Amino acid sequence: MSSNLANEPARVAEMFRKMVLIRSFEEAAGEAFHAGHVRGSVHQYIGQESIAVGVCANLREDDYLTSNHRGHGHSIAKGADPRAMMLELFGRVGGTSDGKGGSMHIADFSVGMLGANGVIADGCTMSVGAAQAIRLLGDDKIVVNFIGDGGINRGPFMEALNWAKVYELPVLFICENNQIAATTTTHLVTAGEGIAARAESFGMPATTIDGNDLFEVDRTVARVVAEIRTGGGPQLIQAMTYRLRGHFAHDEAGYRDLAEVEAALGREPIARTEAWLLENGMTADEITTLKAEADSEIIGYVEEAMNAPWPDGKLAFSDVQDVGAPSYPGADQ
Amino acid sequence: MTAMTYAEAARLALQEEMARDPKVWALGEDLGYEGGMAGQYDGLQAEFGSDRIVDTPISESTIMGAAVGAALAGTRPVAEMRFSDFAMCAVSELVNQAAKARYMFGGQARVPLVARMPIGIRGGIAAQHSQSPEAWYVHTPGLVVVTPSTAADNRGLLKSAIRCDDPVVYMEHKGLWGVVGEVDEDDEEPVPLGVAAKVCSGDDITIVSWAAQIGVAALAADALVEDGISAEVIDLRTLYPWDRDAVMNSAARTGRLLVVHEAVRIGGFGGEIASDVAETLGIPVARLGGERIPIPFSVPLEDAYKIKVDRIVARVRELVA
Ligand SMILES: Cc1ncc(C[n+]2csc(CCOP(=O)(O)OP(=O)(O)O)c2C)c(N)n1
């Protein structure tokens with residue numbers, strides 16, 4: 001791996017710390033799911049950390065991000081509070097949505113994170129709308145939309161690309177191509193030359209990179225974000241990666257070729273970034289300490305979440321709507 | 001009789017119908033390897049081939065639209081939407097196309113498709129994976145709407161839905177996938193559409209419900225025995241056309257009606273049943289349904305949405321008092 005950024009080791013170490021924090025968060029979320037503390041669907045981001053971190057390192061806090069079902073890593077990278085996120089996964093008071101949303105509906109509007117999403121590709125069209133708003137309000141923010149390789153076969157993805165290009169909107173589509181959608185190998189159900197070609201057919205510049213190479217992500221996104229922010233119109237980056245775990249925590253991914261998983265482990269982003277740091281001045285001890293700190297930070301959040309109060313049932317009735325708001329308990333019955 | 005789950009019974013029904021009629025096929029995401037989210041397609045791709053159990057891209061509008069086209073062109077597709085929440089990505093294909101083609105084209109067309117879209121709360125999957133939008137489709141002329149509540153019914157009603165020449169919205173309840181029931185494997189007769197089932201007999205009140213809420217209503221009927229109240233529970237099974245005769249006959253005899261559903265009460269299908277019974281029989285009627293809030297994630301919040309046994313018991317006591 002090579003890099004041409006100034007001030008590298010400190011910057012890389014900080015990105016590495018975020019990647020490790022995401023990994024610890026996801027491992028802990030999976031364990032909490034298996035222990036029965038977290039319900040629902042937990043889609044882990046394990047193996048893709050370099051993408052969210054490399055992308056968000058090049059965004060401003062007021063830039064927007066729309067995400068999908070696999071949104072924990074995107075959220076942490078954008079600056080959402082992992083403590084509040086863990087409380088949300090546990091359904092407790094103090095969660096990002098006070099327990100209303102859960103794993104698939106993490107959002108933190110204070111850092112421009114406009115929401116994970118339970119519906120594939122709906123984030124694509126919403127990112128176009130956020131970009132329209134930016135233009136209307138005369139801002140120089142940009143919008144980043146994360147989409148999976150499976151999601152590109154939904155109509156809204158194609159509609160959003162077309163629209164973004166027609167109006168030259170400040171949107172960066174990041175397709176995280178982990179080559180699989182739930183249990184389906186995506187290329188078997190995807191026609192044409194792939195995601196980049198699809199974007200190019202709309203006249204949109206597309207760049208394909210190794211998403212597990214933090215430096216390549218960082219470098220490419222830095223360039224593309226600068227182009228978009230200065231009025232260059234939308235672009236797409238296809239970040240090649242690999243989903244190291246099952247589709248969600250309760251999927252053992254028995255459909256996967258073990259040799260393929262082995263090979264992917266050799267390319268996983270944390271070890272690669274770690275190797276670079278070791279060659280560039282960080283000691284093994286420092287790395288061990290950094291990882292231990294991330295783990296203990298996350299374990300602290302888990303312990304807190306286990307003991308945090310449950311929300312009162314009344315809360316289910318707030319924030320539905322202003323006009324005609326429901327009242328508790330069934331007062332209109 | 002064989003004990004099998006609600007999901008296994010559905011699998012059996014599809015297997016039998018596919019063996020019986022080569023024009024029956026299914027399309028949807030992750031049907032082959034995964035076998036559907038509850039195993040309701042397990043092994044069927046191996047048995048019938050990938051032209052009849054078709055793994056699709058994540059393309060809900062085209063899954064539904066393709067089913068409409070394939071039905072117009074002489075086959076009987078089962079369009080698997082996985083969640084009724086995702087079927088909302090294909091509402092135009094279902095409501096503007098499937099439901100109206102026969103009518104708009106002066107009877108030239110038939111659309112014998114099954115739009116299979118599981119409904120309901122499974123626990124902790126929140127606002128975009130737990131909805132019960134059956135009333136949307138009951139409201140749409142041209143559609144049949146089915147909500148099985150037992151393993152035997154899931155087998156028998158799915159068979160009827162597949163054989164039906166009208167488009168059928170088939171709503172299995174996700175909370176029931178693993179529930180075991182007795183199924184007579186030798187009896188391959190479908191369960192007729194539009195015919196309700198009596199879950200238990202009673203004299204003081206008629207409780208009408210469907211899908212997973214039936215189990216709760218039956219428990220309430222048991223609990224009411226202690227109060228000396230005998231409740232008759234009717235499982236509608238098909239919501240459109242609903243078995244008006246069965247409901248009217250029962251309600252005329254008991255003199256009171258309560259409709260209970262998991263779906264949001266306001267604008268829910270219970271309102272239609274209750275008002276029809278009130279207009280026709282002039283007896284006291286009442287409804288219980290979810291509050292008009294999105295389904296929340298956390299346990300106490302989700303619980304605040306659900307209609308539990310105590311709510312039904314309390315409402316019945318008020319009505320019977
Ligand atoms: C409209 C819609 N259809 C289907 C699903 C069910 N689903 C959730 S994730 C997923 C696979 C997504 O694959 P991909 O976009 O490649 O993202 P990845 O899971 O690999 O990150 C599917 C089919 C959904 N959430 N929304």
Side-chain angles (χ1 to χ4, degrees), chain A residues 38-41 69 88-93 95 97-105 117-122 148 150-157 181-186 188-191 247 251 254-255 310-321 324 326-330 332-333, chain B residues 28-37 50 54-63 65 82-83 85-90 92-93 121-131 264-266 286-307 311 315:
Chain A
V38 169
R39 310 195 299 162
S41 297
H69 55 290
E88 186 63 26
L89 261 55
F90 277 72
R92 306 300 172 107
V93 171
S97 312
D98 269 339
K100 277 187 168 130
S103 163
M104 269 189 289
H105 308 294
N117 211 313
V119 185
I120 302 286
D122 276 7
I152 68 153
N153 287 322
R154 265 206 76 213
F157 169 75
T183 68
T184 300
T185 304
T186 344
L188 298 177
V189 290
T190 306
H247 175 53
D251 169 21
Y255 42 88
W310 291 99
D312 189 285
K314 282 198 183 79
L315 192 78
F317 293 76
S318 67
D319 281 324
V320 177
Q321 58 196 104
S327 45
Y328 178 84
D332 55 344
Q333 230 174 102
Chain B
E29 295 152 21
D30 298 293
L31 299 188
Y33 175 83
E34 185 203 55
M37 71 165 170
S50 52
V54 177
D55 281 320
T56 69
I58 305 174
S59 302
E60 281 74 14
S61 350
T62 305
I63 294 170
R82 295 178 74 86
F83 288 82
D85 316 69
F86 305 160
M88 290 168 190
C89 301
S92 182
E93 287 75 8
I121 294 173
R122 192 194 70 195
I125 43 177
Q128 293 175 340
H129 288 76
S130 306
Q131 298 171 83
V264 170
R265 178 175 40 78
I266 294 173
R287 295 164 296 144
L288 278 176
E291 291 304 320
R292 195 172 173 282
I293 61 174
I295 314 278
F297 166 74
S298 182
V299 177
L301 306 183
E302 195 184 79
D303 279 352
Y305 177 87
K306 288 185 190 162
I307 310 294
R311 293 267 311 274
R315 197 75 186 92

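Numbers restart at 1 for each chain; the letters A, B, ... are given by sequence-line order, proteins then strands. Quick caveat: nothing in here was measured; it's all calculated off a predicted structure.
H105(A) is not listed as a side-chain neighbour of K100(A), based on a closest heavy-atom distance of 4.5 Å or more. Within the 4.5 Å cutoff, the side chain of D30(B) has heavy atoms near those of the R82(B) side chain. Side-chain contact between Y255(A) and E34(B) is absent, with no heavy atoms from C-beta onward closer than 4.5 Å.
Ranking A126(B), P296(B), A304(B), P300(B) against chain A, the residue ahead of the rest is P300(B), based on heavy-atom pairs under 4.5 Å. Across T56(B), D303(B), I295(B), L301(B), the residue that shares the most heavy-atom pairs under 4.5 angstrom with chain A is L301(B). Ranked by heavy-atom pairs under 4.5 Å with chain A, the list P294(B), C89(B), A127(B), S61(B) is led by C89(B). Per-residue counts of heavy-atom pairs under 4.5 Å with chain B were compared for N117(A), D122(A), I152(A); the largest is that of N117(A). Put simply, of T62(B), D85(B), I293(B), D55(B), the one with the most heavy-atom pairs under 4.5 Å next to chain A is I293(B). The candidate with the highest count of non-hydrogen atom pairs below 4.5 Å against chain B, out of T184(A), T183(A), I120(A), is T183(A).
The distance from atom CG of D98(A) to atom CD of E88(A), rounded to the nearest 0.5 Å, is 7.5 Å. In this structure, CG in L315(A) is found 9.0 Å from OG in S298(B), a value given to the nearest 0.5 Å.
With a threshold of 4.5 angstrom between heavy atoms, D251(A) does not approach chain B through any atom at all. Proximity to chain A is limited to the side chain of E302(B), based on heavy atoms less than 4.5 angstrom apart.
No hydrogens or angles considered: a donor-acceptor pair under 3.5 Å links the side chains of N153(A) and T190(A).
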